[in-house]
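This report refers to the structure that appears directly beneath it.
Each ligand, and each atom within it, is numbered from 1 in the order the structure gives. In this chain, residues are counted from 1 in sequence order. All values below come from the heavy atoms of this structure, side chains included, with hydrogens, waters and symmetry mates left out.
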Amino acid sequence: MTGPIFPPGFAEQLDTLLTWRRDVRHFQTVPLPDGTLDHLLDRAALAPSVGNSQPWRFVRVLSAERRAAIVAHVEAENRKAAAIYRDETRAAYDALKLHGLQEAPEPLAVFCETNPAAGHGLGRQTMPETLACSVVMAIHTLWLAARAIGIGVGWVSIVDPVAINRLLDVPEDWRFVALLCLGYPAEQHETPELVRRRWQDRLPADQTRFTR
Ligand SMILES: Cc1cc2nc3c(=O)[nH]c(=O)nc-3n(C[C@H](O)[C@H](O)[C@H](O)COP(=O)(O)O)c2cc1C
């Protein structure tokens, strides 16, 4: 079977998508159009997974009570996380916006099924974490697909994973991977927020690339 031939300019457009992906914490409150989330989850399901196990489990948080409980939980964990910083670093930390959970129209929790039947265990016997790696692949696929249609995604990890399982009433053997905020961004940037706020620059290539 012959596959598609990507037209001239496609690689440059993909490059623009990668360059402008961004982690988004500032959202408009307007809801996503009907069917958009399912469209994005269908795209996420195109991601590779170990043994084709497809261990991603997505939970839409529709309940206002559960969302409020999650926001309260993240705020409490954020205060605990802040305690390790002192002086100017503490002031810089406090000035960061680390989630858009209040405004984002579509909070989405992502879990990893830790013993999925699909895939029959193929490829993960020596490295069980390949299941969680597979879920991250799905999240990144969703992230890019969302950005391609103007939707921003923000990843929130300042949580106690066990508490999130409890708050969302999901099985204990689903391992929490991410809390995502989806929505239309309130602003667009080519540079990551943490770089713009001088928290952390991008590393030079020689710190991340090696030869042996
Ligand atoms: C595993 C993971 C966890 C993250 N957790 C948070 C978080 O809790 N809060 C936040 O604001 N951003 C979080 N981020 C987003 C990163 O801060 C962001 O990706 C990084 O600063 C680079 O910015 P960019 O995604 O816009 O390129 C997380 C990203 C990843 C991949």
Side-chain angles (χ1 to χ4, degrees), residues 14-28 40 44 47-49 55-59 61 67 69-85 89-112 129-148 150-165 167-168 174-205 207-208:
L14 178 60
D15 203 42
T16 305
L17 175 65
L18 298 174
T19 306
W20 281 85
R21 175 198 38 81
R22 285 304 57 75
D23 181 87
V24 174
R25 303 103 193 252
H26 308 269
F27 292 94
Q28 304 176 38
L40 294 177
S49 61
W56 37 77
R57 305 290 178 260
F58 299 100
V59 178
V61 183
R67 182 203 280 240
I70 288 173
V71 170
H73 173 75
V74 170
E75 293 293 339
E77 291 299 324
N78 197 26
R79 282 191 293 277
K80 282 193 232 166
I84 68 165
Y85 302 109
T89 320
R90 173 63 191 262
Y93 183 91
D94 288 341
L96 296 174
K97 179 168 167 63
L98 293 173
H99 71 84
L101 280 167
Q102 263 116 338
E103 324 85 83
E106 196 71 64
L108 182 73
V110 190
F111 298 86
C112 176
E129 66 271 27
T130 48
L131 286 169
C133 296
S134 305
V135 175
V136 174
M137 299 298 295
I139 292 171
H140 194 232
T141 303
L142 177 147
W143 206 332
L144 294 175
R147 184 63 188 85
I151 293 169
V153 175
W155 186 318
V156 186
S157 57
I158 308 168
V159 301
D160 169 359
V162 176
I164 297 294
N165 280 51
L167 284 170
L168 293 178
W174 287 15
R175 176 179 166 191
F176 170 82
V177 176
L179 189 53
L180 302 180
C181 295
L182 279 79
Y184 293 104
E187 44 191 66
Q188 305 274 357
H189 295 280
E190 190 176 358
T191 309
E193 182 148 344
L194 295 189
V195 175
R196 285 186 288 114
R197 292 184 167 272
R198 300 175 192 273
W199 181 267
Q200 176 62 56
D201 264 339
R202 285 189 161 130
L203 295 177
Q207 288 189 25
T208 61

(message) Would the distance check show the side chain of His73 and the main-chain N or O of Asp160 forming a donor-acceptor pair, the cut-off being under 3.5 Å?
(response) yes

(request) Keeping the roles fixed (side chain from Asp23, backbone from Trp155), state whether a donor-acceptor pair exists under 3.5 Å. (result) yes

(request) Spell out, as yes or no, whether a donor-acceptor pair under 3.5 Å connects the side chain of Arg147 to the backbone of Trp20. (result) yes

(request) Look only at the side chain of Gln28 and the backbone of Ala186, and say whether a donor-acceptor pair between them is shorter than 3.5 Å. (result) no

(request) Would you check if the side chain of Arg196 reaches a backbone N or O of Thr191 as a donor-acceptor pair within less than 3.5 Å? (result) yes

(request) Determine whether the side chains of Glu103 and His26 contain a donor N or O and an acceptor N or O closer than 3.5 Å. (result) no

(request) At a heavy-atom distance under 4.0 Å, which protein residues reach ligand 1? Sort them by chain and number, would you? (result) Arg21, Arg22, Asp23, Arg25, Leu98, Trp155, Val156, Ser157, Ile158, Pro192, Leu194

